[in-house]
Protein chains: 2
Amino acid sequence: MDNIKKDNTEQKILEAAHTVFIRKGMDGSRMQEIANEAGINKALLHYYFRTKQKLFEAIFKQVLNKAFPGIKEFLYSDIPIEIKIGAFVEKYMELLIQNPFIPMFILKEINRDPESLAAVIKNQGVNPHEVFASFEKEMDKGNIRRINPKDLLVNMLALSIFPVAAKPLMTVMFFDNNEEDYKSFLAERKNTVKEFILNSILIK
Amino acid sequence: MDNIKKDNTEQKILEAAHTVFIRKGMDGSRMQEIANEAGINKALLHYYFRTKQKLFEAIFKQVLNKAFPGIKEFLYSDIPIEIKIGAFVEKYMELLIQNPFIPMFILKEINRDPESLAAVIKNQGVNPHEVFASFEKEMDKGNIRRINPKDLLVNMLALSIFPVAAKPLMTVMFFDNNEEDYKSFLAERKNTVKEFILNSILIK
DNA sequence: GTCTATATGGCGATAGAC
DNA sequence: GTCTATCGCCATATAGAC
């Protein structure tokens, strides 16, 4: 049947595009390279996705969906704030370690085309303002010290994302080009970031 | 005299290239656009810098020099550690606020071509290992709690750099597209980051 | 649906007049 | 030193056979 063939090819294209786009970004990627990676012909890419732009958008959405994980689940539970934050940092850094190209991919493209970002994000069910509100509540209850909730969330993200995005810089400057050292640093960091944050906001 | 004309043009080219490269990166920039920005002809770019690559490298070095400020001065002084760290964060964030394109520019290019990074960095007189050593000393003296000094420096950088690099993302997600709100958040953040770090590492 | 061949346009780079 | 004109290449995209 035709649909089977179609699904296979479309799937192969999506996977190949993902591989190439995430490594080189929209500007740096070539349709030919994607075709090679998929083991098919360049013309087929256009047959399935018409333009490079449209193919890219498909991948962009797919990656954003992975990068903004179910924040609801992290938010709506009755566990104490310090457990919540710790779990989020740990889970999120684990995701980034497994998918180290996500941060740079998103950072690059949101700077290249900020407009298309807003559209995609609204379809995600991610609402930071709810997170801010839940932080405020914990401050009111006296469980953590007063801090701008936006700063707190930005700090959580920054501490998790930056060392992954800046891997080449860090490997050169901090680890004398030894990748293994960088990797074990990052693995250990799941704990140190958690400690660093909680040390700062918990009231002792 | 010829040299005057030459210096003027070369200077104009460098400024134009800086403007364009920093906004769109190496891949996204066009020689034609740089020529327009400089108010000159495309051929003249090649006359002065031969290739796009060489022109880019000139800008890259220039930006790196700005982005890695005199870390010596920050390091070799007898002021207490909490003042030192506070001053660094404040000075560095001020630099980034004045030059908001620096973080993305560097992040993008170090991922595109990590090799050329090491070479340039070594010529900068920046030695992170000395910073690590000075952190260790403060821990030995009991002035700050024990923490991997690499984590501490990464945290200082991450908290300062990330919100600048992720401006479009934050403006959309946290500030409902209101740029003014983002700006005042960033201005205020010079203090909140300082507090956040010191709260975490100072022994109370 | 998949391929080969080609159209079309843009880009970096060079030749050559002034 | 600066310009116009153009080369040669490579990338996206399409036409058309199978």
Side-chain angles (χ1 to χ4, degrees), chain A residues 1-62 105 108-109 111-113 115-116, chain B residues 1-62 105 108-109 111-113 115-116:
Chain A
M1 190 155 169
D2 281 319
N3 269 345
I4 293 177
K5 231 176 186 178
K6 185 190 170 203
D7 287 353
N8 277 339
T9 305
E10 191 164 340
Q11 195 50 35
K12 269 196 299 183
I13 292 178
L14 283 171
E15 281 166 22
H18 184 272
T19 303
V20 176
F21 276 140
I22 219 168
R23 210 164 38 209
K24 311 210 172 166
M26 165 76 175
D27 288 342
S29 297
R30 302 290 154 236
M31 294 297 265
Q32 182 62 57
E33 196 177 350
I34 296 173
N36 292 345
E37 180 80 27
I40 55 148
N41 183 280
K42 215 175 34 166
L44 260 194
L45 297 181
H46 290 95
Y47 176 78
Y48 278 95
F49 291 90
R50 266 183 34 99
T51 68
K52 183 185 181 185
Q53 183 63 33
K54 287 190 193 307
L55 176 55
F56 177 78
E57 276 160 20
I59 304 299
F60 188 59
K61 281 177 198 164
Q62 184 182 310
F105 177 77
K108 227 185 286 186
E109 305 308 335
N111 275 281
R112 199 182 59 88
D113 179 13
E115 305 307 321
S116 75
Chain B
M1 191 162 169
D2 281 321
N3 269 346
I4 294 177
K5 231 176 185 177
K6 185 188 170 206
D7 286 354
N8 278 339
T9 305
E10 191 164 339
Q11 195 52 38
K12 270 196 298 184
I13 291 177
L14 284 172
E15 282 165 21
H18 184 271
T19 303
V20 175
F21 276 140
I22 219 169
R23 213 164 37 210
K24 311 209 172 168
M26 165 76 173
D27 287 342
S29 297
R30 303 289 155 239
M31 293 298 265
Q32 183 60 58
E33 195 177 351
I34 296 173
N36 292 345
E37 180 82 24
I40 56 148
N41 184 280
K42 209 173 47 163
L44 216 42
L45 295 180
H46 290 95
Y47 176 78
Y48 278 96
F49 291 90
R50 268 181 32 102
T51 68
K52 183 184 181 184
Q53 182 63 34
K54 286 191 194 307
L55 176 55
F56 177 78
E57 276 160 19
I59 304 298
F60 187 59
K61 280 176 198 163
Q62 185 183 309
F105 178 78
K108 225 184 287 188
E109 305 308 335
N111 274 281
R112 199 182 59 89
D113 178 13
E115 305 307 322
S116 75

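Note that this is a predicted model, so its numbers are computed, not measured. Both backbone and side-chain heavy atoms feed into the values below; hydrogens, waters and symmetry mates do not.
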Applying side chain to side chain donor-acceptor pair (under 3.5 Å), name anything that partners A/D27, two or more places apart in sequence or on another chain.
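Not a single residue meets the side chain to side chain donor-acceptor pair (under 3.5 Å) criterion with A/D27.
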Side chain of B/Y47 only, heavy atoms from C-beta on: which candidate in D/dG1, C/dC3, C/dA13 is closest?
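Of D/dG1, C/dC3, C/dA13, D/dG1 is nearest to the side chain of B/Y47.
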Mind checking the CD-CZ spacing from A/Q53 to A/F60? Nearest 0.5 Å is all I need.
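One finds 10.5 Å between CD of A/Q53 and CZ of A/F60.
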Hey, could you give me the OG1/OH distance between B/T9 and B/Y48, rounded to the nearest 0.5 Å?
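It is 4.0 Å, given to the nearest 0.5 Å.
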Is the backbone of B/I22 close enough, under 3.5 Å, to the side chain of B/K108 for a donor and an acceptor to pair up by distance?
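Not a single qualifying donor-acceptor pair exists.
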Under 3.5 Å, side chain of A/K52 to main-chain N/O of A/M26, donor-acceptor pair present?
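Confirmed, A/K52 side chain pairs with A/M26 backbone.
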Using ring centroids (six-membered ring only for Trp), state whether B/F56 and B/F21 fall under 6.0 Å.
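Under 6.0 Å, so yes.
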Can you sort out which residues in residues 18-37 of chain B have a heavy atom within less than 4.0 Å of DNA chain C? Ascending by number, please.
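Result for residues 18-37 of chain B: B/S29, B/R30, B/M31, sorted by number.
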Pair A/E15 + A/K12: basic N to acidic O under 4.0 Å
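The answer is no: the pair does not qualify as a salt bridge.
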At a heavy-atom distance below 4.0 Å, what parts of residues 49-56 of chain A sit against DNA chain D?
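Only A/T51, A/K52 qualify.
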Which salt bridge (charged side-chain N to carboxylate O under 4.0 Å, His left out) pairs, counting each pair once, include a residue from residues 31-43 of chain B, with sequence neighbours left out?
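For residues 31-43 of chain B: B/K24-B/E33.
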End-to-end bend of the helix from C/dG1-D/dC18 to C/dC18-D/dG1 (five-pair axes, 10° rounding)?
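Here the helix ends are tilted 10° relative to one another.
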Under 3.5 Å, N/O pairs linking protein and nucleotides 15-18 of chain D:
none

